[in-house]
2 protein chains.
Amino acid sequence: MDTSLRSTLHERGLRMTPQRQLVLDAVRELGHATPEQICTQVQRAAPAVNITTVYRTLDLLERIGLVRHTHLGHGAPTYSEREHQHVHLVCHSCGEVSETPTELMDALAARLRQESGFELDVTHVALSGQCGDCRAANAR
Amino acid sequence: MDTSLRSTLHERGLRMTPQRQLVLDAVRELGHATPEQICTQVQRAAPAVNITTVYRTLDLLERIGLVRHTHLGHGAPTYSEREHQHVHLVCHSCGEVSETPTELMDALAARLRQESGFELDVTHVALSGQCGDCRAANAR
DNA sequence: TTACATGCAAAGGGTTTGCATAACT
DNA sequence: AGTTATGCAAACCCTTTGCATGTAA
């Protein structure tokens, strides 16, 4: 099914395995998920798969550019498809994670590039704050 | 020396202790530092202080608003004085952490507030990317 | 003499490593 | 055969918890 994965691996002398396909599938299905969540999902299809393999595979998929990880602040990072570019907003009151288009960061990225030569990676860390709902609840 | 710490604690029925003063001092001296680094610094003056106490004290100092922590992405968070407001930029090539004024984020914060009611906490997570030096080195 | 703080040890999440086995090429 | 991939167990880092002791109001 995933010939692009197979051939990308092959180019680098790496092998296609059921585990690798399953991990990639899980990342795609779950959207943004922690290694633990991905492992659980994979184990629905193949219970014997070990979490070590999940970690190693996520690493590999990231190196070959198919997935990326984002630090939401606390706890484990979450993995998602490389294509799924968005900025994560984490509410530190309710913990909710929402997504917002990366264009929001364009002006900031341009300023950083210009003023300090820093090339911003918009997706790698989440922005933290308080979401609208929690602000409203707090105001009461 | 630190009457404001003493009285803030006292208002809440909490006690001033040498450990608490030492931890606050260390946070101030080190700028932005992990609990482990803070512990090492504290132990220069008082070797018996346990890292558990450092964690508990950082928690306490954060609750009473004297310090804050920032997630740099990987690994342990770093603590700094509340007053020292700045945005952290972390280079994921060389790991260097630099600081930049929070005003840089004002426009973004305003947009987020308006468009999604999200109140951005500019200091709580670092921005990630590649610093000027590493970009130059990479270009070679 | 009661509440709060500390130190120590143990447990807890999350992740990595070493090594033997298994599966490709 | 020789390389690569997996599973398992153990180690690792960072942090929290339980409990006994210690210390201040």
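First the proteins, then the strands, lettered A, B, ... as listed; each starts at 1.
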Problem set entry | Exercise: do A:Ser93 and A:Gln130 side chains pair donor with acceptor under 3.5 Å | yes
Problem set entry | B:Arg15 side chain near B:Leu9 side chain, heavy-atom distance below 4.5 Å | no
For this session: Between D:dT6, C:dC24, C:dG7, spot the one nearest the side chain of A:Arg15, thanks.
Result: C:dC24
For this session: Please check if any side-chain donor atom of A:His32 sits under 3.5 Å from a side-chain acceptor atom of A:Glu99, or the reverse.
Result: yes
Exercise. Under 4.0 Å between a side-chain N/O of A:Thr17 and OP1 or OP2 of D:dA5, yes or no?
Worked result: no
Exercise. What is the nucleic acid contact for B:Pro77, judged by heavy atoms within less than 4.0 Å: base, sugar-phosphate only, or nothing?
Worked result: sugar-phosphate
Exercise. Has A:Tyr55 got a side-chain N or O lying under 4.0 Å from the OP1 or OP2 atom of C:dT16?
Worked result: no
Exercise. Has B:Arg20 got a side-chain N or O lying under 4.0 Å from the OP1 or OP2 atom of C:dA5?
Worked result: yes
Exercise. To the nearest Å, how far apart are B:Leu22 CG and C:dA5 P?
Worked result: 16 Å
Exercise. Where the side chain of A:Thr52 is defined as all heavy atoms beyond and including C-beta, which of C:dT17, D:dT4, D:dG7 is the nearest nucleotide?
Worked result: C:dT17
Exercise. Mapping B:Pro35 and B:Arg6 to their closest nucleotides on DNA chain D, which lands nearer the 5' end?
Worked result: B:Pro35
Problem set entry | Selection: residues 62-76 of chain A, any non-hydrogen atom under 4.0 Å of DNA chain C | A:Ala76
Problem set entry | Whole angstrom value for the distance that separates P of D:dC13 from CD of B:Gln37 | 15 Å
For this session: Write down the distance between CD (A:Glu36) and C1' (C:dG12), rounded to a whole number of angstrom.
Result: 12 Å
For this session: Could you tell me whether A:Arg68 and A:Glu62 make a salt bridge, using a distance below 4.0 angstrom between a side-chain N and a carboxylate O?
Result: no
For this session: State, to 0.1 Å, how close B:Val54 and B:Pro35 come at their nearest heavy-atom pair, and which atoms those are.
Result: CG1-O, 3.8 Å
For this session: Evaluate the ring-ring contact (aromatic ring centres under 6.0 Å, His included) criterion for residues A:His74 and B:His71: first the C-alpha distance (whole Å), next the side-chain angles of each, then the deciding distance (0.1 Å), finally the verdict.
Result: CA-CA 8 Å; A:His74 59 286; B:His71 295 280; 7.4 Å; no
For this session: Mind calculating the distance between CD (A:Gln21) and P (D:dA5) to the nearest angstrom?
Result: 15 Å
Problem set entry | Value in whole Å for how far the C1' atom of C:dT15 lies from CD1 of A:Ile38 | 14 Å
Problem set entry | Gap between atoms CD and C1', on B:Gln19 and D:dT23 respectively (whole Å) | 11 Å
Seminar exercise, completed: Out of D:dT15, D:dT17, D:dA9, minimum distance to the side chain of B:Arg56 belongs to D:dT17
For this session: Let me know the distance between CG of A:Asn50 and C1' of C:dG14, rounded to the nearest Å.
Result: 14 Å
For this session: Any chance you could lay out the side chain to side chain donor-acceptor pair (under 3.5 Å) test for A:Thr123 and A:Asp121, step after step, and finish with the verdict?
Result: CA-CA 6 Å; A:Thr123 66; A:Asp121 175 0; 3.2 Å; yes
Exercise. For the pair made of CG in B:Leu14 and C1' in D:dA25, what is the distance, rounded to whole Å?
Worked result: 13 Å
Exercise. So which one's nearest nucleotide on DNA chain C is more toward 5', A:Ile51 or B:Met16?
Worked result: B:Met16
